[in-house]
Amino acid sequence: MKKRMTALALLLCLTLTACGGEKDSRGQASFLGRAAEIREEETLLTVDGREVPGWRYLYWLAYTCDSIRDRYQESGLALDWAAPVTGGTLADYAKDQALADTALYATVENWAEQYGCGLTEEDREGLAASWAEQAEAHGGETAYLADLEQMGLDRQRAEELAGVGLLYGKLYALYSEAGSALAPDEAALGAFAAETGGLTVDRILVAAGEDREAARQRAAELFSRLNGAADQAAEFAALAAAGDDPAGPRTLLPGEETLPASLLDAAAELAEGQCSGILESEEGFSILRRLPPDLDALADDYFDHLLQTAAENAAVETAEAYGALDAAAFYQALQTVRTAGGGA
């Protein structure tokens with residue numbers, strides 16, 4: 001499962017450390033509005049009734065287009081915004097992804113209002129302190145603002161986005177508080193584990209090392225010892241702790257790569273409490289034991305799931321300007337404006 005909201009704080013941090021910018025949100029239009037020919041402060045869409053100004057969406061569209069361009073450059077491929085992808089073209093994907101990001105941020109703000117998790121004066125002082133630190137790291141405020149300008153942000157906008165990260169943290173703290181309005185119950189977490197195919201497993205690993213046959217023999221000895229144990233669960237835990245996998249019991253969701261795919265498939269076939277046979281992979285020889293779901297380990301993913309689901313199911317209404325916006329044309333114009341610099 002892609003932990004999109006777990007990465008939210010990182011993305012917000014990036015708005016304060018990477019590119020972004022606008023001269024003055026009340027003056028000349030930023031690079032974003034000039035590229036899109038959209039009035040940045042006017043409402044471009046609403047998310048469950050929350051009005052979202054144009055610059056917010058355009059920021060995410062620029063961010064998404066930059067990310068796509070970077071991936072293509074890293075792969076040595078020519079970027080073609082008209083290339084077909086699932087659901088349309090690559091340009092359509094960029095536009096949809098930016099909308100999803102925008103809706104996600106708006107949902108965080110909506111939830112914060114719903115659950116009384118607003119920013120405090122201390123939070124705002126923290127944002128100001130972070131600004132000063134980042135400005136110093138970028139060689140001063142003038143240089144920092146020039147970096148931010150590339151993505152249509154000024155200080156006010158950058159701090160506004162970063163403030164959503166603080167709201168996310170407050171919501172998660174409330175979610176983690178037993179008995180709170182956001183706290184999940186075990187039944188909900190258990191249902192989430194079943195729905196997502198989450199597995200909690202432990203394993204005994206004998207690394208292949210330089211002598212694979214010796215490792216194979218050692219794995220066979222451990223398997224025999226395990227099967228002869230009076231308390232197989234305790235013996236397994238002891239052998240796993242003494243083995244070559246220091247991770248210990250772990251909870252895995254589909255798509256995670258902390259274990260080879262062949263081992264994940266084998267673990268999925270086990271009943272709770274059941275041990276596998278000896279499983280060979282490139283790293284060596286494993287014996288798996290499936291454990292009851294570790295609900296605490298799923299808590300982060302479940303919170304993200306709740307928030308993502310709320311954003312995906314939010315009622316989104318867009319203005320006429322959104323429908324007319326072409327992602328490819330916007331990004332080409334944005335690159336031109338960036339190259340020209342701050343001049344009109």
Side-chain angles (χ1 to χ4, degrees), residues 1-11 13-14 67 70-77 186 189-305:
M1 176 181 180
K2 185 178 180 181
K3 298 182 179 178
R4 184 171 188 80
M5 286 306 301
T6 301
L8 175 66
L10 173 60
L11 289 177
C13 184
L14 287 175
S67 299
D70 291 346
R71 289 199 297 271
Y72 270 73
Q73 288 181 344
E74 291 168 1
S75 302
L77 300 174
E186 288 194 0
L189 281 170
F192 174 69
E195 176 186 344
T196 57
L199 298 172
T200 301
V201 298
D202 197 3
R203 82 161 162 167
I204 301 167
L205 171 64
V206 180
E210 297 181 358
D211 190 340
R212 193 171 192 88
E213 288 308 310
R216 188 191 308 275
Q217 182 176 346
R218 174 60 178 161
E221 293 171 357
L222 296 181
F223 186 68
S224 177
R225 177 175 163 184
L226 178 66
N227 286 328
D231 186 340
Q232 192 177 71
E235 185 67 17
F236 190 100
L239 294 176
D244 295 324
D245 184 348
R250 80 293 306 266
T251 296
L252 306 166
L253 293 172
E256 295 193 29
E257 299 177 353
T258 53
L259 285 180
S262 60
L263 299 190
L264 286 175
D265 291 342
E269 298 297 321
L270 299 174
E272 286 185 17
Q274 183 180 9
C275 297
S276 72
I278 299 174
L279 305 169
E280 184 173 359
S281 63
E282 183 177 352
E283 63 184 329
F285 302 88
S286 299
I287 305 169
L288 303 179
R289 183 168 185 264
R290 185 166 178 178
L291 305 176
D294 183 349
L295 300 184
D296 289 339
L298 288 168
D300 286 356
D301 296 281
Y302 183 57
F303 178 68
D304 291 350
H305 167 76

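In this chain, residues are counted from 1 in sequence order.
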Can you sort out the partners of E221 under salt bridge (charged side-chain N to carboxylate O under 4.0 Å, His left out), two or more places apart, ordered by chain and number? R218
Start with the C-alpha gap between E186 and L189, add the side-chain angles, then the distance that decides, and say whether side-chain contact (heavy atoms from CB on, under 4.5 Å) holds. CA-CA 5 Å; E186 288 194 0; L189 281 170; 5.6 Å; no
Working note: F192 + D301, criterion side-chain contact (heavy atoms from CB on, under 4.5 Å); need CA distance, chi angles, decisive distance, verdict. CA-CA 9 Å; F192 174 69; D301 296 281; 3.9 Å; yes
For L291 and P249 the tightest heavy-atom approach is CD1-CB, 3.8 Å
Rounded to the nearest 0.5 Å, what separates atom CG in L222 from atom CG in L239? 5.5 Å
Tell me every residue that passes side chain to side chain donor-acceptor pair (under 3.5 Å) with R216, counting only those two or more places apart in sequence or in another chain. E213, E280
Who are the side chain to side chain contact (heavy atoms under 4.5 Å, CB included) partners of D231, not counting sequence neighbours? A233, A234
Can you tell me how far the OH atom of Y302 sits from the OG1 atom of T196, to the nearest 0.5 Å? 11.0 Å
CD1/I287 to CG/D202 distance, rounded to the nearest 0.5 angstrom? 11.0 Å
State which residues pass side chain to side chain contact (heavy atoms under 4.5 Å, CB included) with A299; sequence neighbours excluded, sorted by chain then number. Y175
Can you name the residues that form a side chain to side chain contact (heavy atoms under 4.5 Å, CB included) with A193, not counting sequence neighbours? P293, L298
Heavy-atom pair with the smallest gap, counting every atom of F285 and A219: CB-CB, 3.7 Å
Does D244 have any side chain to side chain donor-acceptor pair (under 3.5 Å) partners at least two apart in sequence or in another chain, and if so, which? none
Those residues at least two apart in sequence (or on a different chain) that pass side chain to side chain donor-acceptor pair (under 3.5 Å) with R250 are D245
Atom CG of L259 and atom CD of E283: how far apart are they, to the nearest 0.5 Å? 7.5 Å
Take atom CZ of R212 as the centre, draw a 6.0 Å sphere, and report whether it contains more than 12 heavy atoms from other residues, nucleotides or ligands. yes
In Å, rounded to the nearest 0.5 Å, how long is the span from CZ of F236 to CG of L226? 6.5 Å
Under 3.5 Å donor-acceptor pairs involving side-chain atoms of residues 261-279, not counting sequence neighbours:
residue, atom, partner, partner atom, Å
Q274, OE1, A271, N, 2.9
S276, OG, L288, N, 2.8

Under the rule for side chain to side chain donor-acceptor pair (under 3.5 Å), what residues qualify as partners of R289, not counting sequence neighbours? none
